[in-house]
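Okay, so here's the structure we're looking at.
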2 protein chains.
Amino acid sequence: MSNAAAESRPYHHGDLSRALVDAARKILESEGPAALSLRAVAREAGVSPAAPYHHFKDKNELLEAVAHEGWEALDEALAKARVSTDDKRARMSNIGVAYVCFARDNPALYRVMYDRSRDKDALPEKAKEDGAYCQVRETINEIGGGHVSDIDLELATIAAWCAGHGLAEMIGFKHFAGLKAQLGGEEAFLRAVFEHLGMFAKVIDRA
Amino acid sequence: MSNAAAESRPYHHGDLSRALVDAARKILESEGPAALSLRAVAREAGVSPAAPYHHFKDKNELLEAVAHEGWEALDEALAKARVSTDDKRARMSNIGVAYVCFARDNPALYRVMYDRSRDKDALPEKAKEDGAYCQVRETINEIGGGHVSDIDLELATIAAWCAGHGLAEMIGFKHFAGLKAQLGGEEAFLRAVFEHLGMFAKVIDRA
DNA sequence: GGATCAATCTGGACGGCGTTTAGATATCAT
DNA sequence: ATGATATCTAAACGCCGTCCAGATTGATCC
């Protein structure tokens with residue numbers, strides 16, 4: 001039921017790196033990050049434990065490929081949220097909700113994404129123009145009508161990012177169940193937390 | 001140079017659970033979370049790999065004991081920050097700075113603390129009256145002069161906690177080095193980020 | 001004090017892990 | 001066709017978490 005390619009596969013796989021990343025994501029979704037061993041990935045792809053080493057330097061490099069695809073999916077989700085409304089402030093909070101919902105719906109993937117970032121001590125994909133980080137910054141810039149100083153813009157983006165990440169990591173905590181029910185659902189809860197952050201207040205006030 | 005108790009130790013250790021937690025924290029500080037294996041802890045304590053199982057159900061339970069001590073240390077750091085000034089708003093931002101600085105100064109410990117929380121899907125030590133979470137809530141309540149509704153108080157505390165945790169996880173990112181220098185140091189950077197969050201704005205405005 | 005019992009620790013084992021090496025097999029350029 | 005190169009396998013290494021049988025110790029009761 002598990003291993004995808006158990007039937008008579010040609011000796012050369014064809015596109016093993018692709019298959020390995022897919023297998024990793026599948027294991028991640030179905031069994032969580034703890035079960036994500038390189039050997040399990042190889043098993044899932046129907047290949048020997050040493051085969052992945054012809055496509056990735058080590059386990060870490062495979063996980064980085066997985067994380068990379070995760071960031072691309074997140075970029076896409078944020079881009080969609082960004083064009084969801086004309087109201088600039090609603091746009092911002094929609095992005096925040098979309099971010100946290102992505103983490104909620106892909107908890108294992110999100111964890112891998114951030115673990116890789118921590119090991120590199122760097123925000124991911126910062127340079128990419130359509131990357132999540134830049135999308136947040138650009139949205140804040142729009143709210144400020146383009147009159148926000150570079151340093152305020154950067155600080156506000158960092159602040160937003162920290163709040164979003166913090167909430168993303170805790171959204172599943174049982175502690176919040178009562179509050180979510182009281183507020184009429186998870187999204188209402190998210191928006192309430194964001195409101196209580198007075199998010200971006202300083203930047204917006206200047207605009 | 002490494003194993004603490006290599007000399008002729010009595011067959012019974014005396015207080016092995018204490019020694020194991022200490023050994024774990026030592027390894028955590030000196031070699032990071034990746035090196036924290038149960039066997040390494042036992043080695044450091046000068047004991048066989050199976051010995052810990054007479055004091056902890058498994059590795060997880062040992063890590064939980066380590067995390068517990070971490071939360072106690074954090075509680076203490078926040079309590080100290082809380083009495084650092086009479087200005088209520090300064091008190092709040094001092095707590096935020098203290099929180100992030102604790103994470104910066106004990107990165108491996110902080111990681112263990114939060115990993116355990118995630119696995120339990122719960123905020124840690126929530127019940128304890130002098131626990132970090134309650135201290136933050138109580139401080140926000142003081143700022144609001146005691147007139148903040150229960151639900152607003154809880155939401156503001158969650159918001160603060162998320163922001164603090166997010167920043168704590170990213171404070172080491174190289175990405176921020178330039179900004180820190182530009183702002184005149186790490187603490188100035190932290191305060192600037194907190195300001196840009198407009199932290200607790202909604203609650204404060206009502207007070 | 002001596003016998004008994006529970007607590008504690010050791011040595012050895014098991015399977016799983018990441019990784020390396022040597023050698024087998026397939027593809028590709030000439 | 002031949003040889004170089006890319007890809008895969010089988011087997012091994014050392015480390016890991018965990019369990020088990022047996023040795024050692026401390027406490028308890030006579």
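The sequence lines fix the lettering, A, B, ..., with proteins before strands; numbering per chain opens at 1. What you are looking at is a predicted structure, and each value in this text was computed from that prediction instead of being measured. Note: hydrogens, waters and symmetry copies are ignored here, and every other heavy atom, side chains too, is used.
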Name every residue in residues 55-64 of chain B that has at least one heavy atom under 4.0 Å from any atom of DNA chain D, in order of residue number, or write none if there are no such residues.
B:D58, B:K59
For atom CG of A:D150, is the number of surrounding heavy atoms from other residues, nucleotides or ligands below 6.0 Å larger than 12?
no
Listing time: all N or O pairs from protein to nucleotides 12-15 of chain D that are below 3.5 Å?
none

Between C:dG18, D:dC20, D:dT9, which nucleotide has the shortest distance from any of its atoms to the side chain of A:L38?
C:dG18
Salt-bridge present (B:R191, B:E187; N to O < 4.0 Å):
yes
Calculate the interatomic distance between B:D15 atom CG and D:dG26 atom C1'; express it in whole Å.
16 Å
Would you mind checking if B:R18 and B:E69 are paired as a salt bridge, meaning a charged N to carboxylate O distance below 4.0 Å?
yes
Under 4.0 Å between a side-chain nitrogen and a carboxylate oxygen: does that hold for B:K180 and B:E186?
yes
Which is more 5' along DNA chain C, the nucleotide nearest A:A35 or the one nearest B:L16? Just name the residue.
B:L16
Could you tell me whether B:D119 and B:R116 have a side-chain N and a carboxylate O separated by less than 4.0 Å?
yes
Ion pair present between A:R111 and A:E169, side-chain N to carboxylate O less than 4.0 angstrom?
no
Side chain of B:Y53 (C-beta onward), nearest among D:dC19, C:dC9, C:dG18
D:dC19
ring-ring contact (aromatic ring centres under 6.0 Å, His included) with A:Y99: of A:W161, A:Y133, A:F194, A:W71, only one passes, and it is A:W161
I need the CD1-P distance between A:I27 and C:dG16, as an integer number of Å.
15 Å
Carboxylate-amine/guanidinium proximity below 4.0 Å for B:K26 and B:E31:
no
Measure from the side chain of A:H54, starting at C-beta and using heavy atoms only, and say which of C:dC9, D:dT18, D:dT7 lies closest.
D:dT7
